[in-house]
K.L.:
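Got a structure for you, questions after.
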Amino acid sequence: MSSKKRKIGYAAGFSPPTPRQIVEALGSFESGVPAELVADPAFYGPLPKPSNEGDWLAQIDEEGQTYDDFLEHTPWISKRKSRFFGALKFDPSGGSLTERFPDSAIYLQPIGAFPADRSPSLDVLAEFTAIFFGLPVKVLDALPVVEQKEQAFVELPSARGRTTLRPVKGRFHRNSGARQLLPDGLIDVLRPKLPADALFVIGVTMEDLYLEPSDLFVAGWAGGNNRVGAFSFHRYDPGLTFSDEHWWEVTRAKRLDPTLKAVLTQRCCKLLVHEAAHILGVEHCIYYDCIMNGSGHLEEDFRQSLHLCPVDLRKLQTLCGFSALDRFQKLQAFYDKHLFASEAKWTAAMLQRLTA
């Protein structure tokens with residue numbers, strides 16, 4: 001006797017947008033929709049339906065964010081400088097972020113060790129982030145993490161070449177030697193170190209993170225209106241296997257071959273720009289299969305697209321001021337270079353459509 005697979009429904013209160021709502025989410029145009037924003041179904045699939053009880057839309061009644069919503073609510077569009085922007089140099093006449101905040105950049109702050117044989121390249125992550133947003137990206141010197149008697153510390157440079165130790169709360173498993181840190185503790189370390197020219201700072205780490213005692217792990221957390229976030233790539237390692245029951249039960253292949261290293265890099269690139277887009281005011285997408293879809297667990301995260309849908313592409317195009325064609329050309333070169341095969345194929349087809 002065959003058993004029918006149980007259908008997984010949407011979270012209570014959520015209804016997928018209608019075709020008309022999807023069209024309206026893109027906003028209006030004075031003289032037709034630009035070619036790069038045409039919602040060609042050959043390139044932009046529909047919003048994925050939940051297939052697992054833990055999936056994002058099986059758990060969350062997501063409101064979504066239209067292009068007009070974005071313009072109304074993101075502080076980055078404002079012509080008036082607020083306390084949110086701190087010491088950033090500000091030009092109210094500027095149209096894009098690079099014009100409004102001249103000489104500014106996104107900063108990546110490595111925290112702890114990034115072993116070359118099982119970590120993404122920080123330079124590659126910075127390269128991708130710069131292409132994705134069309135903004136300068138700088139990588140700061142790594143801040144070491146040390147442990148003393150089941151207490152973790154971040155080493156901070158101080159005057160005269162000395163270092164100071166800032167404690168970060170965490171939990172420790174004595175038998176396995178595993179540890180997890182609280183991301184808000186990392187954010188507390190980073191917030192006072194925000195460079196004067198930083199649009200925002202994202203702390204990146206291979207340390208495992210958690211928020212609540214019941215968590216197996218979390219990817220990280222962004223610090224509200226402080227332009228600071230901290231995120232972990234620890235669980236994005238394709239050579240990793242871990243328990244669904246105990247956070248400390250983790251095993252890892254000693255070395256990743258080039259194919260698995262490409263998978264790790266792709267996953268980390270996706271996490272990084274998804275979270276950076278949130279800091280820039282882009283919320284979860286409910287209109288298409290999109291990099292800005294939410295995720296309820298790692299399997300859902302891993303199968304999601306690396307591409308922006310037309311609605312979110314328009315948000316970032318307006319905010320960051322990039323040429324979509326130039327961006328796609330640079331993404332194509334990046335994907336080819338770093339063995340992102342499916343992304344390279346998609347982008348090549350998109351470029352062919354845009355330049356035909």
Side-chain angles (χ1 to χ4, degrees), residues 8-11 14 16-17 22 25 39-65 120 124-125 128-129 131-133 202 204 216-222 229 231-238 240 242 259-316 327-328 331-332 334-335 338-347 349-350:
I8 305 297
Y10 290 111
F14 179 80
I22 293 173
D40 186 337
F43 291 90
Y44 301 108
L47 177 71
K49 295 179 180 179
S51 59
N52 181 292
E53 288 182 348
D55 283 1
W56 163 53
L57 288 177
Q59 299 288 327
I60 304 295
D61 177 15
E62 193 78 63
E63 185 176 348
Q65 181 194 50
V124 171
L125 294 177
F128 179 72
T129 305
I131 294 170
F132 193 89
F133 294 105
I202 294 184
V204 292
L216 280 176
F217 65 93
V218 295
W221 186 63
F231 298 94
S232 169
F233 302 135
H234 179 79
R235 302 269 174 161
Y236 286 67
D237 181 344
L240 204 70
F242 48 87
T259 300
L260 289 180
K261 192 69 178 287
V263 172
L264 172 65
T265 302
Q266 191 263 13
R267 291 175 177 179
C268 296
C269 283
K270 190 195 305 183
L271 172 66
L272 182 57
V273 297
H274 176 104
E275 300 301 343
H278 279 327
I279 294 175
L280 289 173
V282 181
E283 298 179 6
H284 283 147
C285 176
I286 62 168
Y287 302 106
Y288 297 93
D289 182 8
C290 174
I291 190 174
M292 294 311 297
N293 295 152
S295 63
H297 50 88
L298 283 179
E299 287 184 8
E300 186 176 28
D301 188 322
F302 294 161
R303 65 175 178 253
Q304 287 175 341
S305 172
L306 192 57
H307 310 299
L308 288 165
C309 74
V311 177
D312 290 326
L313 178 60
R314 188 181 186 195
K315 294 172 189 175
L316 289 184
R327 177 179 180 274
F328 281 130
L331 284 173
Q332 174 70 61
F334 178 92
Y335 294 149
H338 297 289
L339 307 179
F340 291 18
S342 63
E343 288 81 9
K345 182 178 179 181
W346 186 97
T347 309
M350 173 62 77

K.L.:
Could you measure the distance from the CD1 atom of I22 to the CG atom of L47? Nearest 0.5 Å is fine.
P.N.:
8.0 Å
K.L.:
Decide whether H284 and N293 meet the rule of one side-chain donor and one side-chain acceptor closer than 3.5 Å.
P.N.:
no
K.L.:
Just verifying a value: how many Å separate D55 CG and E299 CD, rounded to the nearest 0.5 Å?
P.N.:
9.0 Å
K.L.:
Are a donor atom and an acceptor atom from the side chains of D301 and Y236 found within less than 3.5 Å of each other?
P.N.:
yes
K.L.:
Kindly compute the distance separating NZ (K49) from CG (L57), expressed to the nearest 0.5 Å.
P.N.:
12.0 Å
K.L.:
Taking the six-membered ring of F233 as reference, does the NZ or CZ atom of R267 fall below 6.0 Å from its centre and within a 45° cone about the axis?
P.N.:
no
K.L.:
I need the single residue from L271, L264, L272 that forms a side chain to side chain contact (heavy atoms under 4.5 Å, CB included) with P120. Which is it?
P.N.:
L264
K.L.:
What is the minimum heavy-atom distance between F231 and A222, and which atoms define it?
P.N.:
CZ-N, 4.0 Å
K.L.:
So which atom in S305 and which in H307 form the shortest heavy-atom distance, rounded to 0.1 Å?
P.N.:
OG-N, 2.8 Å
K.L.:
Of all heavy-atom pairs between F328 and L313, which one has the smallest distance, and what is that distance?
P.N.:
CZ-CD2, 4.3 Å
K.L.:
Does F334 offer a backbone N or O that forms a donor-acceptor pair with the side chain of E343 under 3.5 Å?
P.N.:
no
K.L.:
Evaluate the ring planes of W346 and F43, with Trp represented by its six-membered ring, and classify them as parallel (under 30°), tilted (30 to 60°) or perpendicular (over 60°).
P.N.:
perpendicular
K.L.:
Just to verify, what does F217 make a ring pair (Phe, Tyr, Trp, His ring centres under 6.0 Å) with, not counting sequence neighbours?
P.N.:
F242
K.L.:
Going by the angle between their ring planes, with limits at 30° and 60°, are F128 and F132 parallel, tilted or perpendicular?
P.N.:
tilted
K.L.:
Would you call P50 and Y10 a side-chain contact if the rule is heavy atoms closer than 4.5 Å?
P.N.:
yes
K.L.:
Going by heavy atoms in the side chains, are C269 and L125 under 4.5 Å from each other?
P.N.:
yes
K.L.:
Heavy atoms only: give me the nearest A25-V311 pair and the separation to one decimal.
P.N.:
O-CG1, 3.7 Å
K.L.:
Could you state the interatomic distance from CG (L298) to CG (L216), rounded to the nearest 0.5 Å?
P.N.:
10.0 Å
K.L.:
If we ignore hydrogens and angles and just use 3.5 Å, is the side chain of D312 paired with the main-chain N or O of L308 as donor and acceptor?
P.N.:
no
K.L.:
So which atom in I8 and which in N52 form the shortest heavy-atom distance, rounded to 0.1 Å?
P.N.:
CG2-O, 3.7 Å
K.L.:
With rounding to the nearest 0.5 Å, note down the distance linking CD in E62 to CD in E283.
P.N.:
7.5 Å
K.L.:
Under a 4.5 Å cut-off applied to non-hydrogen side-chain atoms, are Y335 and L306 in contact?
P.N.:
yes
K.L.:
Could you tell me whether the side chain of K270 and the main chain of F302 form a donor-acceptor pair under 3.5 Å?
P.N.:
yes
K.L.:
Report the distance from atom CD of E275 to atom OG1 of T129, rounding to the nearest 0.5 Å.
P.N.:
12.0 Å
K.L.:
For residues S51 and R303, report the shortest heavy-atom separation together with the two atoms involved.
P.N.:
OG-NH2, 3.5 Å
K.L.:
Test your reading of the model: is there a side-chain donor-acceptor pair from R327 to the backbone of F133, 3.5 Å cut-off?
P.N.:
no
